[in-house]
Amino acid sequence: MDVQATFDALADATRRRILALLIQENELCVCELSTALDEIQPKISRHLGVLKDAGVVTPRRNGTWIFYRLAEEMPQWAKALLLPLTAGAVAEFKADRKRLIAWAGRPERDTA
C-alpha cells in the first residue's frame, strides 16, 4: 500500500464520508452511496476509483451489482486511521446513514 496515496485518498471529505458508511455497513454499491451522500453517481464512482487505486477499498461483483468494501489487505496503521470516521469525525455521517437506511431501493445481496 502506497502511504502517500492513502493519505491523498483520505484528504477528501466525500471519500471520508464513503469510508464512514463502508465501516458501518460493511459493503455498499454505488447507488446506495449516491443516495446516502445525495450526490450523483459519476461523482461517487470517481471517488471510489481513487479509493480503489489507493488500495483502501475493493469491489465485489454480485450479478449486475458491484459492491465496495474496505480492503482486507489494508495495513493495521491504515485501519486505525479510519476508526474515528464513524465516531463523529465525519459531521455528515448521521445524516448520510439516515438517508441510506430510509431508502427502499437498496439492492439484494447474495451472501452465498
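At a threshold of 4.5 Å between non-hydrogen side-chain atoms, the residues Leu33 and Leu48 count as touching. Counting heavy atoms from C-beta outward, Leu51 and Tyr68 have side chains that stay 4.5 Å or more apart. Side-chain atoms of Leu100 and Glu32, non-hydrogen and from C-beta on, do get closer than 4.5 Å to each other.
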Subject >> Criterion side-chain contact (heavy atoms from CB on, under 4.5 Å) on Val3 and Trp77, from CA distance to verdict >> reply: CA-CA 10 Å; Val3 174; Trp77 65 264; 3.8 Å; yes
**OP:** Show the numbers, then the answer: is there a side-chain contact (heavy atoms from CB on, under 4.5 Å) between Lys52 and Thr58?
**Re:** CA-CA 6 Å; Lys52 181 182 169 198; Thr58 57; over 6 Å; no
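A distance-only check finds no donor-acceptor pair linking the side chain of Asn62 to the backbone of Trp65 [under 3.5 Å]. Remark: the backbone N or O of Cys31 is paired with a side-chain donor or acceptor of Thr35 at under 3.5 angstrom.
Between Ser34 and Gln41, the closest heavy-atom pair is OG-N, 3.7 Å. Taking both residues in full, the closest heavy atoms of Asp2 and Gln4 are given as OD1-N, 3.0 Å, listed atom of the first, atom of the second, then distance. Scanning all heavy atoms of the two residues, the minimum distance from Thr6 to Ala54 falls at OG1-O, 4.0 Å.
Note that the CZ atom of Arg15 and the CG atom of Leu10 stand 8.5 Å from one another [nearest 0.5 Å].
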Show me the donor-acceptor pairs, under 3.5 Å and distance only, between side chains in residues 17-29 and residues at least two apart or in other chains.
from	atom 1	to	atom 2	distance (Å)
Arg17	NE	Asp96	OD2	2.8
Arg17	NH2	Asp96	OD1	2.6
Arg17	NH2	Asp96	OD2	3.3
Glu25	OE1	Arg106	NH2	3.4
Glu25	OE2	Arg97	NE	2.9
Glu25	OE2	Arg97	NH2	3.1
Glu27	OE1	Arg60	NE	3.0
Glu27	OE1	Arg69	NE	3.4
Glu27	OE1	Arg69	NH2	3.1
Glu27	OE2	Arg60	NH2	2.5

Would you tabulate the side-chain donor-acceptor contacts of residues 80-95 under 3.5 Å, counting partners in other chains and residues two or more places apart, or write 'none'?
none

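In the hydrophobic cluster analysis, where Ile, Leu, Val, Met, Phe, Trp and Tyr join through side-chain heavy atoms closer than 4.5 angstrom, Ile66 is grouped apart from Val50. Phe7 and Val57 fall within the same hydrophobic cluster, defined by Ile, Leu, Val, Met, Phe, Trp and Tyr side-chain heavy atoms under 4.5 Å apart, directly or through other members.
Within the structure, salt bridge (Lys or Arg N to Asp or Glu O under 4.0 Å) contacts touching residues 71-82 (residues at least two apart or in different chains) do not occur.
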